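For reference, the structure discussed in these notes is given below.
Lettering of chains follows the sequences in order, A, B, ..., and the numbering in each one begins at 1. Atom set for the values below is all heavy atoms of this structure, side chains included, hydrogens, waters and symmetry mates excluded. Fair warning: this is a prediction, and the values are worked out from it, not measured in the lab.
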Protein chains: 2
Amino acid sequence: MDKDISYKDKKVISIGVMRELTGLSERQIRYYEERKLIFPERSSGGNRKYSFSDVELLMEIANKIEDGVQTFEIRQEIVKEKKKEEQKAIRKKMLQGQLNAQFGIKNYK
Amino acid sequence: MDKDISYKDKKVISIGVMRELTGLSERQIRYYEERKLIFPERSSGGNRKYSFSDVELLMEIANKIEDGVQTFEIRQEIVKEKKKEEQKAIRKKMLQGQLNAQFGIKNYK
DNA sequence: AAAAGATGTTAGATTTCCTTACGCAAGTAT
DNA sequence: ATACTTGCGTAAGGAAATCTAACATCTTTT
């Protein structure tokens with residue numbers, strides 16, 4: 001039923017690896033979390049875990065920071081994009097619903 | 001020029017996360033490495049790092065172990081499959097070479 | 001000038017991981 | 001039947017990685 005979360009969204013990467021992949025310092029990565037730009041999961045012991053999507057997001061953030069954009073504005077942009085994505089998903093779902101209603105297409109896993 | 005290593009093959013996963021993803025014990029995971037079934041990279045400090053491909057491989061290994069197959073035999077099967085994959089890649093490359101020769105297709109990144 | 005933003009750095013505590021080694025049950029070979 | 005080999009569990013001691021909190025600094029905003 002629900003879209004399978006691909007590898008890209010699985011939170012499995014430690015902050016150290018994250019540092020290597022993005023070139024950012026751990027301090028920066030934690031700070032961007034504090035500013036609510038990124039949302040890692042936590043291990044049972046409290047260690048942060050990120051996904052490859054997070055890697056991409058962090059790189060975008062880093063670019064904007066370099067351009068002098070403040071975390072505050074970046075957050076707004078992220079929220080805006082998230083909403084756009086959601087709308088896209090909703091439209092897709094609606095269309096799917098219509099198709100289902102008209103043709104009774106069954107879910108295939 | 002060289003195929004971009006997708007997320008699936010990037011070695012970024014710690015053994016603890018590996019344990020969660022596969023359901024195997026760390027002891028087992030290390031043991032299968034000792035038996036040369038799996039080949040993690042290492043951090044500068046010596047910590048093991050695995051890829052999502054390794055996760056899949058480990059699950060297959062676990063299945064075979066359950067079926068009573070010994071690590072020795074599993075290793076042979078893995079080697080055999082690796083060779084098959086390589087042959088496939090080589091054929092693909094050869095075909096590509098012919099195409100390049102005949103039509104001068106340029107590499108596009 | 002004062003406040004806020006964006007980091008570096010340090011310190012002490014926790015968590016995670018490493019290797020080595022011993023133990024043991026079940027299977028295999030001699 | 002006895003002696004290895006396989007496939008783990010488990011424990012110990014140490015090293016690596018991460019955590020939070022705090023203080024310092026420099027730059028921008030207000």
Between [X] ([atom1]) and [N] ([atom2]), how many Å, whole number?
X	N	atom1	atom2	value
A/Glu34	C/dA4	CD	C1'	12 Å
A/Glu26	D/dC19	CD	P	7 Å
B/Lys64	D/dT6	NZ	P	19 Å
A/Asn47	D/dA16	CG	C1'	12 Å
A/Ile29	C/dA6	CD1	C1'	15 Å

What distance separates B/Glu73 CD from B/Asp67 CG, expressed to the nearest 0.5 Å?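 So the gap between those two atoms works out to 11.0 Å.
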How long is the straight-line distance from CG of A/Leu24 back to OH of A/Tyr31, given to the nearest 0.5 Å?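 Taking OH in A/Tyr31 and CG in A/Leu24, the distance rounds to 13.5 Å.
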Would A/Ser51 and A/Asp9 satisfy side-chain hydrogen bond (donor to acceptor under 3.5 Å, both in side chains), going step by step from the backbone distance to the final call? CA-CA 5 Å; A/Ser51 69; A/Asp9 293 308; 4.8 Å; no
Taking NZ, NE, NH1 and NH2 as the nitrogens, is one of them in [X] or [Y] under 4.0 Å from a carboxylate oxygen of the other?
X	Y	value
A/Lys49	B/Glu20	yes
B/Glu86	B/Lys93	no
B/Arg30	B/Glu26	yes

Residue whose nearest DNA chain D nucleotide is more 5′ - B/Gly45 or B/Thr71: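 Per heavy-atom nearest nucleotide, the more 5' residue is B/Thr71.
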N/O-N/O pairs, protein side and nucleotides 28-30 of chain D side, under 3.5 Å:
none

Tabulate atom names and distances for all N/O pairs under 3.5 angstrom spanning the protein and nucleotides 20-24 of chain D.
residue : atom : partner : partner atom : Å
D/dT20  : OP1  : A/Arg42 : NH1          : 3.1
D/dT20  : OP1  : A/Arg42 : NH2          : 3.1
D/dT20  : OP2  : A/Arg48 : NH2          : 2.1

List for me each residue that meets side chain to side chain contact (heavy atoms under 4.5 Å, CB included) alongside B/Ile74, sequence neighbours excluded, and say none if there are none.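 With neighbours one apart ignored, the set is B/Leu37, B/Ile61, B/Lys64, B/Ile65, B/Val69, B/Ile78.
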With A/Glu33 via side chain to side chain contact (heavy atoms under 4.5 Å, CB included) - residues at least two apart: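 Expected list: A/Ile38, A/Pro40, A/Arg42, A/Arg48, A/Tyr50.
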Within the 6.0 Å centroid threshold, strictly below: B/Phe52 and A/Tyr7: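 Yes; A/Tyr7 has its ring centre under 6.0 Å from that of B/Phe52.
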Given that A/Tyr31 and B/Val17 both sit by DNA chain C, which one's nearest nucleotide is further toward the 5' end?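 The residue mapped nearer the 5' terminus is A/Tyr31.
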Bend angle of the helix from C/dA1-D/dT30 to C/dT30-D/dA1, from helix axes over five pairs at each end, nearest 10°: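 What I find for the helix from C/dA1-D/dT30 to C/dT30-D/dA1 is an axis angle of 30°.
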Tell me every residue that passes salt bridge (charged side-chain N to carboxylate O under 4.0 Å, His left out) with A/Arg91, counting only those two or more places apart in sequence or in another chain.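 With sequence neighbours excluded, A/Arg91 shows a salt bridge (charged side-chain N to carboxylate O under 4.0 Å, His left out) to no residue whatsoever.
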Which of these nucleotides, D/dC8, D/dG9, D/dG7, is closest to any side-chain atom of B/Ser25?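 Given the options D/dC8, D/dG9, D/dG7, the side chain of B/Ser25 is closest to D/dG9.
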I want to check one thing: is the phosphate of D/dA16, taken as OP1 and OP2, less than 4.0 Å away from some side-chain N or O of B/Ser44?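 Negative; the distance criterion is not met.
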